[in-house]
Amino acid sequence: MLQKITSDVYYVGASDRRLAQFENLFPIPRGVSYNAYVLLDEKTALIDTADAGVGAQFLAQVEDALGGRALDYLVIQHMEPDHAAMINDVLTRHPQAQVVLSPRAVPMLAAFTGCDYSARSTVAKDGDTLCLGRHTLTFVHAPMVHWPEVMMTYDAADRVLFSADAFGTFGALSGNLFADEVDFMREFLPDARRYYANIVGKYGTQVQAVLKKAAALDIAMIAPLHGPIWRQDLAALLRLYDLWSRWQPEEKAVVIAYASMYGHTRQAAETLAALIAARGVTNIRMYDVSVTDVSEVIAEIFRAGTIALCSPTYNGDLYPAMRALLDDMKALGVRERTVGLIENGSWASAAGRKMTEALAEMKNMHVAEPMVTLRSRLTEAQLGELDALAAQLAESVTQA
Ligand code: FEO
């Protein structure tokens, strides 16, 4: 059934609950939605297409929404195939439709579709407008949020910002299209944070630039390409994006990420957690990096200001899953965290040095003292040292 998000805009997106991994990389047990929108005015416009996995449903909904009318414009905000896979199908069905896209999208459109649409394309510079009748669309370039060609679309008539990937989240939609119709903070926030951190996290500086552009607009509704649409409490969403894009923690919290082959490093990590808790800290979460997907641990590191990393030595380096986590932290620009370290090595321990070196390649990471070195297992004699580390980490939480 077709649903409207404003008097003139139909939702023509769809949700995929069968796809195991977004970008064939990130587990999405709650699925994902690919949002797209048809705007009916004197002229008609389709804002983005969809992933091939929901292509048939998407195409049928576009035709339903058009109700027999021709499509005048296809606005391409983003060329990533989760939104662009159906472009050829739409343009074949609507041979008179004009394509509206950013300059950086032009070569991508040709490369992805294998077709030359230059004769029916309008290239939109930042700030260009397109009048559809009552609605005039303004195109707001948003490079690197999440690819270089991305642009958002602002409809001043209804004060809607079609925000491309920005403000999106993993998680399928279940009838309710709006964030205020679901318990977003309980149902979607962990996936929204994980989506942001892993998909857009590297580009915080560019997200900050977009937030400044958005602040100049009078916005009543934010319609992203994934997840619920926002029409209430936009300040809560913008606050989260502001924190995430400055790599600032959301909460006074500790995240302990450990690797452990036979349980000895885990035991030390659990003792550290208990010693931190004994100091009155309540927001502590632990993750085994061999069990929990790295995208979830990264999201938790975006949430918390205090981190502990605990790793065995493996082939003279870090345990592979811990190496993957640290590589990801660096790639996504994680910074300004207090980090406690526990290393383990039965002989030729190297994990502590390797973790310290990796953290030194990130910005403003404060390594708490002392680093605790295990020789195979935690001993009674080391409890004082571990407690001293717990004290430093607890203090960093309370002072955050
Ligand atoms: Fe949802 Fe960057 O595509």
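The residues of the chain are indexed from 1 along the displayed sequence. If you're wondering where the values come from, they're calculated on a predicted model, not measured in any experiment. Just follow the structure's listing: the first ligand is 1, and inside any ligand the first atom is 1.
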Lys NZ or Arg CZ of Arg231 over Phe178 ring: under 6.0 Å, within 45°: yes

Can you tell whether the side chains of Asp128 and Lys125 come within less than 4.0 Å, N to carboxylate O? yes

Just say parallel, tilted or perpendicular for the rings of Phe184 and Trp230, cut-offs at 30° and 60°. perpendicular

For atom 1 (Fe) of ligand 1, state how many protein N, O or S atoms fall inside a distance shorter than 2.8 Å. 4

Applying the 4.5 Å side-chain criterion to the ILVMFWY set and letting contacts propagate, would Val90 and Leu39 be lumped into a single cluster? no

Joint hydrophobic cluster, Tyr241 plus Leu161, side-chain heavy atoms closer than 4.5 Å: yes

So, Asp191 side chain and Thr169 main chain: donor-acceptor pair closer than 3.5 Å or not? no

